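Structure first, commentary second.
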Amino acid sequence: MPDPPAGESLAARLARQIAASGPITVADYMARANAHYYAMRDPLGAAGDFITAPEISQMFGELVGAWLADLWQRSGAPGGCRYVELGPGRGTLAADALRAMRAAGLEPPVDLVETSRALRTLQAERLPQARWHDTVDSLPDTGPLLIVANEFFDALPIRQFVTTGSGWTERMVTHAEGGFLPLPGGRIDDSPIPEPFLLAPASTIFEASPAGAAVVAALSTRIAAQGGVLLIVDYGHANSATGDTLQAVRSHRYADPWTEPGEADLTAHVDFEALARASPLRRFGPVEQGAWLRAIGIDLRADALARAAPDRASDIAAARDRLVESDQMGLLFKVIALAASGWADPAGFA
Ligand code: SAH
C-alpha cells in the first residue's frame, strides 16, 4: 500500500482501509476515532465539546477525596496507599480530591492512566508529582490502590451486536457514497448476548464493552492482592439492556457518530451490571449520582462554600443542582464501588 498522503484525515484513512480490507467492527471504529480525538486536544470546558462533573464544581473532587480518606481511615489507615485515576482529563478531579485527602492526613503518590499526550501535558501542570501509564498493566504492584474513574468507561470502545431475525451478528462499519454506515455483519456465536435477549426481535441492538470489563478485571486482581477500592462514576444503566447508545458530542451538541470520526467525542452508556460481573470484589451500588453525592454530604459542602463566598452563592447552588438533580446529572449518572475484602464498607451506598 502506498504511504498515506501527509495530513490525511482519520476519515480518509479509515475509508481507504475499509476499501482495501473490508468493513471494520464498531469497536475498532470507536477506538480509532477516540484515540485520534483525545490525542489532539483538550475537549473539556465551555470552549471544548463537553463538560464533566469535576469541571462543573470543585465540590465533586473534594467529596470524592473525602470519601476515599474516610474509607481509608475506617479501614485502619494502612500505609503505602496510592491514588490512581483513569482518564483524568484536565487533572481537576485529582487536584481537588488530593487537597481533601491531605486535609484528612492522607498524602498518596499519584499514578495516572492516560493515553492522550495533549491531556498529559495539562495534567502535569496540576499534578507535577504524578507518574503516567498507558494502561493499567504498569501500575505499581505494591500498596493499596485508591482508584477513581469518572467518565472514563463511557469512552472505551464497545462492540455492537444486532439481530437479523435469523440470529445475532456483529455490527460492522462500512464506507459508501462518501459516508460511514453501520450494517449487520456475520453471524456470531451467542456467547456475548445475555440469555434474556437471545430471542429479541429483529434489529435489536446489544452492546458489550470487552475493553471495560478487562480493565475492571485487571484492577480487581490488583485490589484483591494489594487492598484498596475502585470507584466508577459514569452515565449508563444499572442492568444490562438492549439499545443503541453510541453517541457523538461536539461543541456541547449531539452529532452524528458516523460522520467525521475523530472530530467528536464518541461515548456509549456504561453497563454497570456487566462491569460488576467482571469483578470478584465486594460490590457497592450502582446508586444514582444524585443520591450518592447527597449521602456523602454535598449539601453541607455547598452551604460551607456559599458561606465562605456569599457573592458566589447562586453559582454554587446551580452547580450543586447540576450534579444532583434528577433532570440534570443526578439520575443518569451512577456510582459503583468495588472494595477489597478486609476494607470497611464505603460510604454513600446504604
Ligand atoms: N475524568 C475526566 C475526563 C473524562 S474524558 C473528567 O471527568 O473530567 C475521558 C478521559 O479518558 C480523557 O482523559 C481521555 O484522554 C481518557 N481516555 C480515553 N480513552 C482512554 C484509554 N483507552 N486509555 C486511557 N485513557 C483514555
Side-chain angles (χ1 to χ4, degrees), residues 44 52-73 75 81-104 106-115 119-120 122-123 126-127 129-133 135-136 139-140 143-156 212 215-216 218-220 222-223 226-236 270 272 275-276 279 281 283-287 289 292-293 295-298 323 329 333-340 343-344 346-349:
L44 292 150
T52 56
E55 302 297 334
I56 289 171
S57 167
Q58 70 190 77
M59 289 187 284
F60 186 81
E62 288 170 350
L63 287 165
V64 167
W67 177 88
L68 285 170
D70 162 69
L71 178 64
W72 167 74
Q73 256 155 8
S75 303
C81 286
R82 296 172 175 280
Y83 177 79
V84 176
E85 198 176 320
L86 313 181
R90 289 178 168 173
T92 308
L93 196 172
D96 292 338
L98 287 162
R99 195 172 58 248
M101 283 188 262
R102 207 155 42 236
L106 176 58
E107 285 191 67
V110 177
D111 289 275
L112 304 176
V113 179
E114 176 61 70
T115 40
L119 289 173
R120 279 188 184 197
L122 282 181
Q123 292 156 16
R126 291 226 163 124
L127 306 157
Q129 77 279 34
R131 295 201 305 173
W132 280 267
H133 304 264
T135 72
V136 300
L139 288 171
L145 303 177
L146 308 174
I147 310 174
V148 176
N150 184 63
E151 290 214 49
F152 169 75
F153 284 92
D154 66 19
L156 297 184
V215 168
V216 168
L219 293 176
S220 296
R222 295 299 194 94
I223 289 171
Q226 296 169 228
V229 68
L230 167 58
L231 177 73
I232 300 173
V233 184
D234 222 313
Y235 84 107
V270 171
F272 282 90
L275 287 189
S279 176
L281 299 176
R283 157 197 176 166
F284 300 86
V287 296
Q289 172 172 299
W292 187 72
L293 288 174
I296 66 169
I298 193 170
L323 295 173
M329 295 173 78
F333 280 74
K334 304 196 172 56
V335 185
I336 195 170
L338 301 165
W343 277 54
F349 296 96

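Computed from a predicted model, the values in this text were never measured in an experiment.
- Here Leu119 contributes atom CG and Leu112 contributes atom CG; the two are 11.0 Å apart, rounded to the nearest 0.5 Å.
- Residues Gly348 and Ala295 come closest through the heavy atom pair CA-CB, 3.8 Å.
- Here the closest non-hydrogen pair linking Leu281 and Ala340 is CD2-CA, 4.4 Å.
- Taking CG of Asn150 as the reference point, atom CD of Glu55 lies at 10.0 Å (rounded to 0.5 Å).
- Looking at Thr52 and Leu93, their side chains never come closer than 4.5 Å, going by heavy atoms from C-beta outward.
- Ring pair Phe349/Phe284 is tilted by interplanar angle, where 30° to 60° counts as tilted.
- Ile147 contributes atom CD1, which lies 4.5 Å from atom CG of Leu219 (distance to the nearest 0.5 angstrom).
- The minimum heavy-atom distance between Trp343 and Ser75, with the atom names listed, is CE3-OG, 3.3 Å.
- The closest side-chain heavy-atom distance from Phe272 to Asp234 is below 4.5 Å.
- Arg99 places no side-chain N or O within donor-acceptor distance of the main-chain N or O of Met101, the cut-off being under 3.5 Å.
- Nearest approach of Leu145 to Pro140, heavy atoms of both residues: CD2-O, 4.3 Å.
- Between Pro108 and Leu98 the shortest side-chain heavy-atom distance falls below 4.5 Å.
- For the pair Leu68 and Tyr83, the minimum side-chain heavy-atom distance is below 4.5 Å.
- With values rounded to the nearest 0.5 angstrom, Leu106 atom CG is found 10.5 Å from Leu71 atom CG.
- The line from CE of Met329 to CG of Leu323 is 6.0 Å long, rounded to the nearest 0.5 Å.
- One distance of note links CG of Leu127 with CG of Asp111; it measures 11.5 Å at 0.5 Å rounding.
- The aromatic rings of Trp292 and Trp67 stand perpendicular to each other, their planes meeting at an angle above 60°, with 30° marking the opposite boundary.
- Between the side chain of Gln226 and the main chain of Gly143, a donor-acceptor pair closer than 3.5 Å is present.
- Counting only heavy atoms from C-beta outward, the side chains of Asp96 and Phe60 never approach each other to under 4.5 Å.
- Between Ile223 and Leu338, every side-chain heavy-atom pair lies at or beyond the 4.5 Å cut-off.
- Checked options Gln123, His133, Arg120; the residue passing with Glu114 is Gln123 (criterion: side chain to side chain donor-acceptor pair (under 3.5 Å)).
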Item to check | Chi angles and distances behind the side chain to side chain contact (heavy atoms under 4.5 Å, CB included) call for Gln289, Tyr235 | outcome: CA-CA 9 Å; Gln289 172 172 299; Tyr235 84 107; over 6 Å; no
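- The side chain to side chain contact (heavy atoms under 4.5 Å, CB included) test with Val335 singles out one residue from Val233, Val64, Ile232, and that residue is Val233.
- Residues meeting the side chain to side chain contact (heavy atoms under 4.5 Å, CB included) test with Pro109, sequence neighbours left out: Arg82.
- The two residues Ile336 and Ala276 have their closest heavy-atom pair at CD1-CB, 4.0 Å.
- Annotation for Val136 and Ala218: closest pair CG2-CB, 4.0 Å, computed over non-hydrogen atoms.
- For the side chain to side chain donor-acceptor pair (under 3.5 Å) test, residues two or more places apart in sequence or in another chain that qualify with Arg126 are Thr92.
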